[in-house]
There are 2 protein chains.
Amino acid sequence: MAAAKRKVGNLLALAVLSYLTVGPKHPYELSRLLREHQDDRSFRFNHGSLYMVIQQLAKAGFVAEQATMREGQRPERTVYAITDAGRAELRDWLRELVGSPDHEYPHFVAALSLIAALPPDEAVALLRQRSLRLGEQRAEISALVDGAAGVHPLFLVEEEYRIALLDAEIAFVARFIGQITDPETGWGPQWAAFHAGSLDKGDES
Amino acid sequence: MAAAKRKVGNLLALAVLSYLTVGPKHPYELSRLLREHQDDRSFRFNHGSLYMVIQQLAKAGFVAEQATMREGQRPERTVYAITDAGRAELRDWLRELVGSPDHEYPHFVAALSLIAALPPDEAVALLRQRSLRLGEQRAEISALVDGAAGVHPLFLVEEEYRIALLDAEIAFVARFIGQITDPETGWGPQWAAFHAGSLDKGDES
DNA sequence: GACTGAATAGTCAGAGTCAACTAATCTGAG
DNA sequence: CTCAGATTAGTTGACTCTGACTATTCAGTC
């Protein structure tokens, strides 16, 4: 529907286009910038795919090879500049990403959909462990945000978002543990029954 | 660290193993079950990769070819059964997924990290649009959950989780819009300035 | 002035993913 | 009876991704 397929699908390409709006760069410089600004927290980044993505962008006409210079006896450094089509793609893509949430597949959703395959007491133990880890992640991000005094909060908004999601997940996990263990309305016994019997989702009696 | 690399990485394999604990099945039956139970909401599923994943599982020794039968003149249907190694893998993988959250890359995180590249008023318009869409998604899931009366809530827990995340995101977006537009502490003007000037993340004065 | 480790710069094979295609069989309308 | 369309069942090929590998240069140090 809304999401026409992009010529270059990898989100890393979006980051590349964004850095190139500032000025032409060669691949390694992009790599360094991405690492320095810790964009690897937001974009799936590995050195290899960067070159791939730049090639794809070039083929699609979103960036253009500007010059091939050689400094000392180092390998050639090809400098790329963003094109008008590239600027258009950047804006359009960003608009789509911000304006239209799309269905994603977090690992925990998959895990939850099959969690009945574990015995209930083990599930509870693991959920408690998850909760601790989530708390640690939250603390790490907080530290990171606090450590970046002087940076305008606009440039940390993605970390605030992560924190919001983490808080929601922590709360959810706590509620879920409650539902399993609460002796009043507890699911524990029924769960154990499911577990002993068939693992079918019970759409027939 | 904790996450030793799985022989079969695709989460679809986890769903397959789970269905095979109930009994041996042939690929197409798995495909039908996955669709019927709407597991395509939790697992990235397309017909083609299913056959791939089953081959990988067979190579890794997690499932074994049980029989190759032929009914009428239809193509062969190879029936697969889970092995002991497969059952172990299923439990171990599930434990890891539940107990250890891992760093993921939601599209919106990427979008937020670059959102300063849009003019602030456009960003606000898009965020409002997102908020509406998120509300629609939430309503859809609610309807789906309500429509599934009779199914034990344990089997809908992944949808409850989605709702929790959606609510958190809706709240976050509202706060963010507030920060941009609030004339008291509003970021709007500064944003516009950033936008006019360099798009550098401002790590130096 | 030669050695070591880190940084620079890029390539590549293997594995994985996805959409499109083939091809048979079943179902029901006319 | 026969034809269209849905369903069943699986294959293929183009594209993408990732981790590992190569090779040069620079900074420090003994």
Side-chain angles (χ1 to χ4, degrees), chain A residues 1 3-16 24-36 40 43-60 62-63 65-80 102-105 110, chain B residues 1 3-16 24-36 40 43-60 62-63 65-80 102-105 110:
Chain A
M1 304 257 122
K5 212 170 41 213
R6 302 276 156 196
K7 288 192 185 163
V8 185
N10 196 328
L11 280 174
L12 190 52
L14 195 71
V16 168
K25 311 230 175 313
H26 53 89
Y28 196 84
E29 197 178 349
L30 286 166
S31 177
R32 192 170 40 74
L33 286 169
L34 286 162
R35 258 180 297 145
E36 275 173 13
D40 55 342
F43 297 89
R44 199 178 296 273
F45 171 53
N46 71 56
H47 189 70
S49 11
L50 182 63
Y51 290 87
M52 181 81 43
V53 155
I54 291 173
Q55 267 175 40
Q56 291 169 27
L57 284 171
K59 207 173 86 186
F62 296 143
V63 304
E65 197 169 310
Q66 229 201 10
T68 298
M69 49 171 64
R70 178 178 283 271
E71 200 171 298
Q73 275 320 294
R74 295 217 207 103
E76 290 183 341
R77 297 183 309 174
T78 308
V79 176
Y80 293 87
D102 43 18
H103 190 88
E104 298 188 59
Y105 301 87
Chain B
M1 301 261 124
K5 212 171 38 212
R6 302 275 157 196
K7 288 192 185 165
V8 185
N10 195 329
L11 281 175
L12 190 52
L14 196 71
V16 167
K25 313 232 175 312
H26 53 90
Y28 196 81
E29 195 177 350
L30 286 165
S31 177
R32 193 170 40 72
L33 287 169
L34 287 162
R35 259 180 297 144
E36 276 173 13
D40 54 343
F43 298 89
R44 199 177 296 271
F45 170 52
N46 72 56
H47 190 67
S49 8
L50 182 63
Y51 290 87
M52 184 76 46
V53 156
I54 291 172
Q55 269 175 39
Q56 291 170 28
L57 285 171
K59 206 173 88 185
F62 297 143
V63 304
E65 196 170 313
Q66 226 201 11
T68 298
M69 46 171 65
R70 177 179 282 271
E71 201 172 296
Q73 276 318 295
R74 295 217 206 102
E76 291 181 341
R77 298 183 310 176
T78 308
V79 176
Y80 293 88
D102 42 18
H103 190 87
E104 296 186 61
Y105 300 87

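In what follows, every chain begins at residue 1, and chains take the letters A, B, ... in the order their sequences are listed.
- A:Leu50 and A:Pro27 get closest at one heavy-atom pair: CD2-O, 3.5 Å.
- Summarising the geometry of A:Tyr80 relative to A:Val63, their closest heavy-atom pair is CD2-CG2, 3.9 Å, with the distance given to 0.1 Å.
- Distance OH (A:Tyr28) to C1' (C:dT8): 5 Å, rounded to an integer number of Å.
- Between B:Leu30 atom CG and D:dT8 atom P there is a gap of 14 Å when expressed in whole angstrom units.
- When the side chain to side chain donor-acceptor pair (under 3.5 Å) test is applied to A:Asn46, the partners found at least two apart in sequence or on another chain are A:Ser49.
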Anything under 3.5 Å between a protein N or O and an N or O of nucleotides 14-19 of chain D, put it in a table, one pair a line.
none

Practice item. Quick one: do B:His47 and B:Phe45 satisfy ring-ring contact (aromatic ring centres under 6.0 Å, His included)? Show the steps, please. Key: CA-CA 7 Å; B:His47 190 67; B:Phe45 170 52; 7.4 Å; no
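- Look at CZ on A:Arg35: it is 8 Å from C1' on C:dA7, rounded to the nearest Å.
- Distance CG (B:Leu33) to P (D:dT8): 11 Å, rounded to an integer number of Å.
- D:dA9 atom P lies 18 Å from atom CD of B:Gln55, rounded to whole Å.
- The CD-C1' distance, from A:Glu36 to C:dT8, rounds to 13 Å in whole Å.
- Between B:Leu34 atom CG and D:dA9 atom C1' the separation is 15 Å, expressed in whole Å.
- Proximity of B:His26 to B:Thr78: side-chain heavy atoms (C-beta onward) are nowhere separated by under 4.5 Å.
- Atoms CZ (B:Arg32) and C1' (D:dT8) sit 10 Å apart, rounded to a whole Å.
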Determine all donor-acceptor pairs shorter than 3.5 Å in which one atom belongs to a side chain in residues 51-59 of chain B; sequence neighbours excluded.
none

